[in-house]
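Hydrogens, waters and symmetry mates are skipped; everything else that's a heavy atom, side chains included, is used. Chain A is the first sequence line, chain B the second, and so forth, proteins listed ahead of strands; every chain is numbered from 1.
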2 protein chains.
Amino acid sequence: MTHRAPSIRDVARVAGVSTATVSRTLTHPDKVSETTRAAVIRAIHDTGYTVNQAARSLRRRRTGAIAVLVPNISNPFFARILSGVAEVMSEAGYNVLISDTTPTALDDHRFPEYFSHNQTDGLIVLDGMLNRELLLNRGPPEVRPPMVFACEWIDSIERPMVTIDNTAAAAAAVRHLLDLGHRDIGFVCGPPENVLTRARLNGTRAALAEAGLSLRADWIFPGDFTLPSGARAAALWLDAGDRPSAVFCASDEMAMGFIGALYQRGVSVPASVSVMGFDDLGIAAHFVPPLSTVHQPRRRIGLIAAQMLLERMALDPATRASAPVPKVVLPYELAIRSSTAPNPAAGERI
Amino acid sequence: MTHRAPSIRDVARVAGVSTATVSRTLTHPDKVSETTRAAVIRAIHDTGYTVNQAARSLRRRRTGAIAVLVPNISNPFFARILSGVAEVMSEAGYNVLISDTTPTALDDHRFPEYFSHNQTDGLIVLDGMLNRELLLNRGPPEVRPPMVFACEWIDSIERPMVTIDNTAAAAAAVRHLLDLGHRDIGFVCGPPENVLTRARLNGTRAALAEAGLSLRADWIFPGDFTLPSGARAAALWLDAGDRPSAVFCASDEMAMGFIGALYQRGVSVPASVSVMGFDDLGIAAHFVPPLSTVHQPRRRIGLIAAQMLLERMALDPATRASAPVPKVVLPYELAIRSSTAPNPAAGERI
DNA sequence: ACGTGGCATGTAATCGTTTACAAGGGTTGA
DNA sequence: TCAACCCTTGTAAACGATTACATGCCACGT
């Protein structure tokens, strides 16, 4: 016959107390006399007891876990954000579950079952492309878990959020290229429906407009934030009759894919073309050449998102619905390295 | 007053049936008449009911989730493994929780609370440096969750496992360098206590020994698998009076850090030194120069680990203890690209 | 007409914790 | 001496789903 895990009853029996006392020892040690406490702790040790989280969650009506929805775990961009989240959350006694929402062949960006409101006490959403209905229509409003967005967001959903000003950051990046004397500037996009793609594209257009220029349609290269899509853009760039002297990629991964592909065709960066990225991944500074890019304070984004979520969770559901919705915009920084250089065809401007 | 989430009772009331029938509709739809089923589904819709996972887990005595313990989420190496795991597991109806075990200042590699045996039905461990006792001594043996190791492992723990033959793979990598005419070969280590470091170091020594060579102690550079540690090794390499003409790095990240740092000091690869990596990260093929490395079938590792875990979970605890412990060794491949080249000082051998 | 079996459904016990409430005992102050 | 209080502990009712068992009904074969 197969044993079952020791329960609080077993501990109570061994310690010679009631289950209530064992429970109290665990959660309010100060409400229990010192001798009893010692006996209970001893019994816990002897029996090898560990609390049954399912029972605890059921009774307490909260799970002690929050979930982070990440569009793509393979993107190292998210790692530091996650570590920021984990730091704040584990200090507050929460576990952090990470889930990849990468769309499968079948459906939209996935929405794992366990994000039903019963499974986690809160949600941090890093994916702006999640299905809006799935995200919102989970049971009656009073019981929907608090949610905060970070980095990406969904325009039609009004929730706390922490980001950088992507439009301004893109504009600054493009201004850097302009300052180097580039006038022919291309842009490599993220996925077309992505909010970040739109914001960064707008910023690019705005900076160009300021300089009396505009973004040529044939210099807007499609992409999806990934390495291979950057490489594909490079092929397009090579094939173009008339090529921009600088290219701004909406992500570091694409910038690296772009540079790598050019290298393999014998074209070197920044000699033949300046390339600017976005995100400042860990590898950007180590790349060949070191990548000029836009730095996002990723760890801080994670920290702040987590703190916001804790605040929201502390509110009771009724108040929450009417509470103000904080939106934090953190400063970005330009990290200028060696993948961008003065435009050789514009010596006079420098 | 604040409402609570609709429960199975609410659904039962609305549908005019008992809670048992609602439950059956959810889990054994065929055991319920067609008309009842329709009524229940309707009621579920109307009430916005979603099942309370805590209650379900408590009653069923299983959680429907498994956890993957990852040493470091920021390492893109793990992403494809995770996607393999997720694919198999979600098809089998399990959720996959991912947890980073990166050690904090305080303790050993962390062991999040929710991996207590009550919180997940099984464990896939990708971290060979977890504290042995924490991993094993979780309650009496009958209730410990099934566990499988992938990629890394812990020597003293006998559990199912899926890996590649790291020793042989490292030897093959070094043989590639030997074939290119290199005789002076250095090695950049992972963390000293890591099993992979040991295996790859052994393989390196073995291949060198075959060729009548040995690994010079001052050409064994310390590292910890990360980008910056590769860059540090490059600094050491540069400072060495007598330098190896080829360096084998125990991870791609280190290889890229190494190459990047050399580039910044004006040393180019493979002209001045051949560099070989290990893992074949997505970026390896896009790096400048494209990285020669050892390819691991990461996705398959994930798939197989997940299948193994499912098999173990299907066993009852008693049988499991005595069941054979499968160990799968998958084939690796050498991905030879451009960061390795013939030794210019050994023209005659090529 | 009746026994048998199968199907659909309901009843109620159970999973392991938490916690409101009650109870017992001791201390304190008037 | 007694009331008022505090401190510690126990009793027992939740939390919300699942499922063994019982029940009622209908159809069928003899």
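Taking the charged nitrogens against the carboxylate oxygens, B:Asp316 and B:Arg320 have no contact shorter than 4.0 Å, which rules out a salt bridge. The pair B:Glu158-B:Lys327 meets the salt-bridge criterion, with a side-chain N (NZ, NE, NH1 or NH2) lying under 4.0 Å from an Asp/Glu carboxylate O.
Nucleotides of DNA chain C with any atom under 4.0 Å from a heavy atom of chain B span, from 5' to 3', C:dA8 to C:dG16.
Within the 4.0 angstrom heavy-atom criterion, base atoms lie near A:Ser23.
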Per-nucleotide protein contact string for nucleotides 7-15 of chain D, where B marks a base within reach and S marks sugar-phosphate only (heavy atoms under 4.0 Å, - for neither):
-SBBB-BBB

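The distance from atom CG of B:Asp10 to atom C1' of D:dG16 is 11 Å, rounded to the nearest whole Å.
Here the side chain of B:Thr27 pairs a donor or acceptor atom with the backbone of B:Ser23 at under 3.5 angstrom. Looking at B:Arg159, its side chain never comes within 3.5 Å of a backbone N or O of B:Phe149 through a donor-acceptor pair. Side-chain N or O atoms of A:Asn194 include none that pairs as donor or acceptor with a backbone N or O of A:Pro191 at under 3.5 Å.
For the atom pair OG of B:Ser83 and CZ of B:Arg299, the computed distance is 4.5 Å after rounding to the nearest 0.5 Å. Atom CG of A:Asn52 and atom CZ of A:Arg4 lie 10.5 Å apart (nearest 0.5 Å).
Across all non-hydrogen atoms, the minimal contact from B:Arg298 to B:Pro76 is NH1-O, 3.3 Å.
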